[in-house]
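Remember, predicted model here, so these are calculated numbers, not experimental data.
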Amino acid sequence: GTGKLRWRDRVVACGLCLAAAAGGLLAAAAPVPWSILCSVLVVAATGMLQAPLNRWSSGMIVQAPLLAAISATTGAGVSQPLVALGALAVGMVLVLVIAAVLGLQAPPTPAEPRIALRHAVATAVSCGVALGIALAFQIDHGYWLVVTLALVLRPVRHETVPTARARVTGTVVGVVISVALVIVMPTAAVLMLAMACVLLSIAWGIAADVRGSTIFATPAIILMASSGAAGAVVEFGLLRLVLTVIGALVAALLAALLYRADAPAAPGGGEASPVES
């Protein structure tokens, strides 16, 4: 009756996201080619978790597939996985506390069981296939495909395309900012600004602004991954942009296909628009 998610629901969502990251790390530790298969299965499983939780509120554990993908892709280089998981858990608690203090918790938006299930299946299959391709062909930072798919594909069709546009435009702006920063500023200052971008990205994310969050998350990731080197920034930036555009287009196509498959037949033989939650 408060119009907000219960603390129990938020804790469950955070726990599942943490389990997704742990599953990705375990998959990365397996020998090839089993690590690829295990990674795909973990990401697909986290995608299917969307079904029951989207019935509480859409997008509750949208981060789970992307956390699993990032952990599975980069986990082989993590020397202390328990420390990494502990840091992630602390970060999740801080985000929950900050959101509660600032009153930035959006009201729950439950999805119909049928819509929640089809979204979960689409997420599981698309994210699993995307990660499998990225790992099999050793695509640098291929997890960005999964990140875009997981964040853009929404249970409700009319939310997917605007989210895709916001992600792409935010990425373009973020790449331009990254290149401009390395041209005009010294490396030490650039890396300090990257940390500031992390905080700004979290702030916009809590406020549910996809474009704003992406604008600041993009330079943060690119600048830190490239250590502020100009040539590497351009390379990482273009790669992120390409993968983001591909992921957004795939998500929009999936949304259109799901809409057509889900639309009930109208009396005149056409299609009527489904009622979406």
Side-chain angles (χ1 to χ4, degrees), residues 9-30 35-54 56-96 98-99 119-120 122-135 139-154 163 167 198 201-202 204-206 208 210 213-214 217-218 220-221 224-225 240 243-244 247 251:
D9 300 340
R10 300 176 207 155
V11 171
V12 168
C14 287
L16 291 173
C17 287
L18 193 63
L25 290 175
L26 288 174
S35 62
I36 297 178
L37 176 61
C38 291
S39 298
V40 169
L41 291 177
V42 168
V43 169
T46 57
M48 287 304 301
L49 284 175
Q50 310 281 334
L53 271 76
N54 278 342
W56 294 355
S57 182
S58 298
M60 272 193 65
I61 55 168
V62 68
Q63 297 88 355
L66 65 89
L67 284 172
I70 293 172
S71 299
T73 306
T74 63
V78 177
S79 58
Q80 295 181 308
L82 291 180
V83 174
L85 290 174
L88 178 61
V90 171
M92 288 181 177
V93 172
L94 286 176
V95 169
L96 286 178
I98 292 172
H119 169 262
T123 300
V125 173
S126 61
C127 289
V129 170
L131 183 63
I133 292 174
L135 291 175
I139 300 174
D140 288 339
H141 302 281
Y143 57 81
W144 280 336
L145 272 175
V146 179
V147 170
T148 303
L149 283 167
L151 294 178
V152 169
L153 185 59
R154 309 295 295 169
T163 304
R167 294 286 300 180
V198 171
S201 174
I202 293 173
W204 283 110
I206 292 175
V210 175
S213 179
T214 305
T218 297
I221 295 171
M224 288 190 290
R240 179 178 173 85
L243 293 177
T244 298

Note to self: Looking at every heavy atom in both Thr148 and Leu243, which two are closest together, and how far apart are they?
What the structure shows: OG1-O, 4.3 Å
What donor-acceptor contacts under 3.5 angstrom involve side-chain atoms of residues 11-26, with partners at least two apart or in another chain?
none

Notebook entry, point to check: Who passes side-chain contact (heavy atoms from CB on, under 4.5 Å) against Leu149, sequence neighbours left out?
Noted result: Ser126, Cys127, Ala130, Val250, Ala251
Check: Who are the side-chain contact (heavy atoms from CB on, under 4.5 Å) partners of Leu41, not counting sequence neighbours?
Finding: Leu37
Check: Rounded to the nearest 0.5 Å, how far does CG of Leu66 lie from CH2 of Trp144?
Finding: 13.5 Å
Notebook entry, point to check: Who pairs with Ala28 by side-chain contact (heavy atoms from CB on, under 4.5 Å), at least two apart in sequence or on another chain?
Noted result: none
Check: Taking the side chain from Ser71 and the backbone from Ala68, do they hold a donor-acceptor pair closer than 3.5 Å?
Finding: no
Notebook entry, point to check: Does Thr163 have any side-chain contact (heavy atoms from CB on, under 4.5 Å) partners at least two apart in sequence or in another chain, and if so, which?
Noted result: Val152, Arg154, Arg167, Val210
Checklist line | Shortest non-hydrogen separation from Pro65 to Thr46 and the atoms involved | finding: CA-OG1, 3.3 Å
Notebook entry, point to check: Considering all heavy atoms of both residues, which atom of Ser39 and which atom of Ala72 are nearest to each other, and what is their separation?
Noted result: OG-CB, 3.3 Å
Next item on the list: Pick out which of Ile139, Thr73, Ile36, Val42 makes a side chain to side chain contact (heavy atoms under 4.5 Å, CB included) with Leu131.
Entry: Thr73
Let me check something: any side-chain donor-acceptor pairs from residues 80-87 under 3.5 Å, sequence neighbours excluded? List them with distances.
none

Next item on the list: Give me the ring orientation class for His141 and Tyr143: parallel if the planes are under 30° apart, tilted from 30 to 60°, perpendicular past 60°.
Entry: perpendicular
